[in-house]
Amino acid sequence: MSTPRGLEVIVDPDCGNAPRKAQVRDWLIAFASGDVDAVCAELSDDVTWEIAGAAPTSGIDAVRSQLEALADHDVSALTIRHLISHGKEFAAEGTLTVGGSNERFAYVLTWSSHAKTADISYVLNYRA
């Protein structure tokens, strides 16, 4: 796992012991570092991204636009405490340090199929 320059990444050692866990860990690192291309590379063309409390965004182009608007946030650290998978479903939990403040996050992800090459078709994001 390569860490983007300037981003401190703290990961529970258990968060990389399975291929899907490593995939989501790297996806979260890409998100925290503002690498929109890497984040979108894991998403299906018909992805739905929902931020808790807001209307869902559907389609890769609309999601990419939303992510580009977020990409310039100043994340200095990413802590991943939990990565949990069950079938096509996945949950991730941790903390982002943005502008000196800690923000808790949780993601619920759904893959388009059980295949190892499946894309993420649904993202539900909670942030506090």
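Closest heavy-atom contact between Val39 and Leu43: O-CG, 3.4 Å. Considering all non-hydrogen atoms of both residues, Ala92 and Leu83 come closest at CB-CD2, 3.4 Å. Heavy-atom minimum distance, Ala77 versus Leu7: N-CD1, 3.7 Å.
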Before giving the answer on side chain to side chain contact (heavy atoms under 4.5 Å, CB included), spell out for Val63 and Val123 the whole-Å C-alpha distance, their side-chain angles and the decisive distance to 0.1 Å. CA-CA 10 Å; Val63 168; Val123 178; over 6 Å; no
Assess the residue pair Ile120 and Phe90 against the criterion (side chain to side chain contact (heavy atoms under 4.5 Å, CB included)); give the C-alpha distance rounded to whole Å, side-chain angles, the decisive distance to 0.1 Å, and a yes or no. CA-CA 10 Å; Ile120 298 168; Phe90 205 95; over 6 Å; no
Show your working on side chain to side chain contact (heavy atoms under 4.5 Å, CB included) between Glu42 and Val24 and close with a plain yes or no. CA-CA 9 Å; Glu42 298 293 331; Val24 173; over 6 Å; no
Taking it one step at a time, do Arg127 and Ile51 satisfy side chain to side chain contact (heavy atoms under 4.5 Å, CB included)? CA-CA 8 Å; Arg127 244 171 122 172; Ile51 298 173; over 6 Å; no
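Rounded to the nearest 0.5 angstrom, Arg104 CZ and Arg81 CZ are separated by 4.5 Å. Between the CD1 atom in Ile80 and the CD1 atom in Ile29 there is a gap of 5.5 Å [rounded to 0.5 Å]. The distance from atom CG of Leu109 to atom NZ of Lys88, rounded to the nearest 0.5 Å, is 13.0 Å. Rounding to the nearest 0.5 Å gives a distance of 7.0 Å between CZ of Phe31 and CG of Leu96. Of the inter-residue distances, the one linking Thr48 atom OG1 with Leu124 atom CG reads 11.0 Å to the nearest 0.5 angstrom. To the nearest 0.5 angstrom, Asp37 atom CG is 10.5 Å from Leu67 atom CG.
Residues Tyr126 and Glu93 have side chains that never bring a donor and an acceptor to within less than 3.5 angstrom of each other.
In the hydrophobic cluster analysis, where Ile, Leu, Val, Met, Phe, Trp and Tyr join through side-chain heavy atoms closer than 4.5 angstrom, Val108 is grouped apart from Leu28.
The side chain to side chain contact (heavy atoms under 4.5 Å, CB included) test with Cys40 singles out one residue from Ile60, Val47, Asp35, and that residue is Ile60.
Checked by atom type and distance alone, the side chain of Ser121 pairs as donor or acceptor with a backbone atom of Thr110 at under 3.5 Å.
Aromatic ring orientation, Trp27 versus Trp49: tilted (interplanar angle from 30° to 60°).
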